[in-house]
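What follows is a set of notes on a single structure, which appears directly below.
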Amino acid sequence: MTDRIARAREMQLSADEKGAALPFVAIMLMLLIGMAAFAVDLGWLYLQGARIQRGADAASLAGVVHLPANTAQVNAQTANGANANGWHVGEINGIPVPVNPGPDELNWIPVNDNRLQVSLTASVPTFFIKIFGIHEVEMTRTATAEYVKPVPMGSPSACFGIAAFASDLTGPQSLANQGLGDCAAWTMNFWAAINGPLTAKEHGDPFSTRCIQANSGGCNPAGNTNPQYRAHGYFYGLEIPGGKTSFDVKIFDAGFYHRTPTFSEAGDTRCLTNSNCDSGPTTVYSVWGPDTTPLDPQDNTLNPALHICTETFGPESGTPNTRNQWRTICTIPNPTAGIYVLQVRTTGNGGGMNAYSIGITTTPSAAPLARTYAINDMSIFTNSGGAPQATVYLAEVETIHSGKNLQLDFFDPGENTGNAWVEVRTPTDDPSSCRWTSRNEAGTVTGGPANINPCRLQSTIASVAQFNAQWLNMSIQVPPVYACGATCYWTMRLELGTVSHDRTTWAARIIGNPVRLVPNQP
């Protein structure tokens, strides 16, 4: 009997334990299902966060090129960048989008004039965690993009081409009277220059001459055309800071004027007609902007809405005659901050060289100061006033380019009588190493892959030009740890013997993506 009672009690206890396990199992199942649901939603939210980040990245990259002044395009392009990645922006910086608004919010701030920070906010719906009352999660992701401005060439100041002047080029000696007094602090040793369409290409301008060889009647021989000719000429950046109520664009010696052979290239005076320039070409100056795509100034000329003014200067006896004079070609009131574009080109059938200077004055004149520089390439006439050596501002390479490659191209450089050398120097006036090749009109390449240090080449040997009508190409590795101090301009040292004159054209660019993502500001 006792055994039967004991067994009955054990069975009763076992049944009680089985009953107690059921609620425990149910609770565990609920927890497991909840954790699985949470894991699914967590993965979903992680995926959507990555999508929002891609939208913010695209928005910042699309909008940054329109800084600093074109806020309408910043708004439009940041929204387009986000929407192209699957989002639907309905509010930008707290202002509702007027057309087809969506549920997502976008905010942007300019970190500086070429760096844009964008934040994209979206509400992401949930799945299983709705049972806990969480129906959606608001998520924000931030990205910062930077665009690298075109490499400024030739000048760190508000003037371009303020040369040393000889007796028959009286020059802009009254810079202060022109409101350009700050330019006197920068010794440039060159004029800006452009050749007439019917000038031999070997005289130093590969882009504005229609022929490889020419005379006053046309290409000689006929059909001897220049494949590098471009009718649009050269472009200069006019960088205007904020806070200015107006600015003037000024040109010194704007037309083709006859000069003595002292200022000739290979015996060619300023115009093909040596007595005067009445049959010479015209020079056309146009101001466009502000540029919304600084890396491509040519597209400004395709947009009539960006055209501000144009002045044409014809033969020496024509009107206006600005020989040895400054001429204000354009006054722009209430300018927006940004990079305006000055286009200089030649027309007509004449030849010869037009050497000129560019200056910008602003109101008010106090700092920050305006700047002008060549964009992508510059055509110049070096003139050190008779000194055997001229140092010319070449290209401004800022610290953001550390570790990148600087590509330099020189057309027809360093020609003179006797012996001559060209040498690239760093902003601290130290020698630099480089690799170089040269290429003639037929495409023949000389030079080699090895570095040379210093980056110095003899360009004329016993009066024989080594790069006549050739491109000299140099590649320089910017040091990974690079600091440029007060000015970031690399220079070209020209050692041209007793008379330091040379007609040449240079180009510079940084190899790499000009628009990139950078770390967000803390």
* Tyr340/Phe247 aromatic ring centres below 6.0 Å -> yes

* Salt bridge between Arg327 and Asp253, side-chain N to carboxylate O under 4.0 Å? -> no

* Between Trp326 and Phe252, does the ring centre distance come in under 6.0 Å? -> yes

* Asked: What are the two closest heavy atoms between Asn189 and Thr391, and how far apart are they?
  -> ND2-O, 3.2 Å

* Structure fact -> Given the options Leu67, Val64, Val74, Pro110 meets side chain to side chain contact (heavy atoms under 4.5 Å, CB included) only with Leu67

* Verify, without hydrogens or angle tests, whether Lys244 (side chain) and Pro335 (backbone) share a donor-acceptor contact under 3.5 angstrom. => no

* **Distance-only side-chain donor-acceptor flag, Thr504 / Asp502, under 3.5 Å** => no

* Taking ring pair (Phe, Tyr, Trp, His ring centres under 6.0 Å) as the test, write out the residues that go with Tyr373, two or more places apart. => none

* Between Ser433 and Cys455, which heavy-atom pair has the shortest distance, and what is it? -> C-CB, 4.2 Å

* **Where Arg210 and Leu198 come nearest, the two heavy atoms and their spacing** => NH2-CD2, 3.8 Å

* Please collect all salt bridge (Lys or Arg N to Asp or Glu O under 4.0 Å) contacts where either partner lies in residues 445-461, sequence neighbours excluded, each pair once. => Glu423-Arg456, Arg456-Glu495

* Is Lys201 paired with Asp412 through a side-chain N to carboxylate O contact shorter than 4.0 Å? -> no

* **Minimum heavy-atom distance Thr209-Ala200, with the two atoms named** => CG2-O, 4.4 Å

* Separation between CD1 of Ile251 and CD1 of Ile358, rounded to the nearest 0.5 Å -> 5.0 Å

* Asked: When you measure from the centre of the six-membered ring of Phe207, is the NZ or CZ of Arg230 under 6.0 Å away and within 45° of the axis?
  -> yes

* Asked: Can Asp205 and Tyr229 be counted as having a side-chain donor-acceptor contact under 3.5 angstrom?
  -> no

Residues 478-487, side-chain donor-acceptor partners within the protein, below 3.5 Å, at least two apart:
unit_1, atom_1, unit_2, atom_2, d
Tyr482, OH, Val397, O, 2.7
Tyr482, OH, Trp490, NE1, 3.0
Thr487, OG1, Tyr489, N, 3.4

* Side chains of Gln228 and Trp471, donor plus acceptor under 3.5 Å -> yes

* Asked: Looking only at heavy atoms, what is the nearest atom pair of Pro431 and Asn453, with distance?
  -> CB-OD1, 4.5 Å

* Asked: Arg503 and Ser379: side-chain donor and acceptor closer than 3.5 Å?
  -> yes

* Asked: Where do Pro364 and Thr362 come nearest, in terms of heavy atoms and distance?
  -> O-OG1, 2.9 Å

* Does any donor atom in the side chain of Thr144 or Asn520 lie under 3.5 Å from an acceptor atom in the other side chain? -> yes

